[in-house]
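Everything below concerns the one structure shown next.
The first residue of the sequence shown is numbered 1, and numbering continues consecutively from there.
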Amino acid sequence: VVVVVEEGGVSPLMYPLYALSVFFDGYDAVVISIVMIQAVGGLIIACVVKYADNILKGFATALSIVACGSISAMYMGFVPSTTFVGGSCVVILATMMYASNYRLYN
């Protein structure tokens, strides 16, 4: 982007282009892809909340944390603490109980 710089600074007509060029300065393919992934993730979460239940979003978030922790333990040398393992067991048990058809009360 070519910016016309006048004697007193940036031309008022060119300021929006100058602001965009400064804002996106240093963005490369990795940064743009991360921004796009986060944007798509936000849209998916909006669809989940719209068409499902907010409780399901909580379960999905908790299960994704457990899955990321498990993958990190297998491939990246992450050593989970006893609190993480206990929390993971609680998350898996709660998800299984929520998904089952068993009802404690009528």
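- With sequence neighbours left out, Y75 forms a ring pair (Phe, Tyr, Trp, His ring centres under 6.0 Å) with no residue at all.
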Scan the side chains in residues 30-41 for donor-acceptor partners under 3.5 Å anywhere in the protein, sequence neighbours excluded, and list what turns up.
| from | atom 1 | to | atom 2 | distance (Å) |
| --- | --- | --- | --- | --- |
| S33 | OG | A29 | O | 3.1 |
| S33 | OG | V30 | O | 2.7 |

Sequence neighbours excluded and cut-off under 3.5 Å, please list the side-chain donor-acceptor pairs for residues 61-72, or say none.
| from | atom 1 | to | atom 2 | distance (Å) |
| --- | --- | --- | --- | --- |
| T61 | OG1 | K57 | O | 2.9 |
| S64 | OG | A60 | O | 3.4 |
| S64 | OG | T61 | O | 2.7 |
| S70 | OG | V66 | O | 2.9 |
| S72 | OG | C68 | O | 2.8 |

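- Classified by interplanar angle (parallel below 30°, tilted 30° to 60°, perpendicular above 60°), the ring pair F84/F78 is perpendicular.
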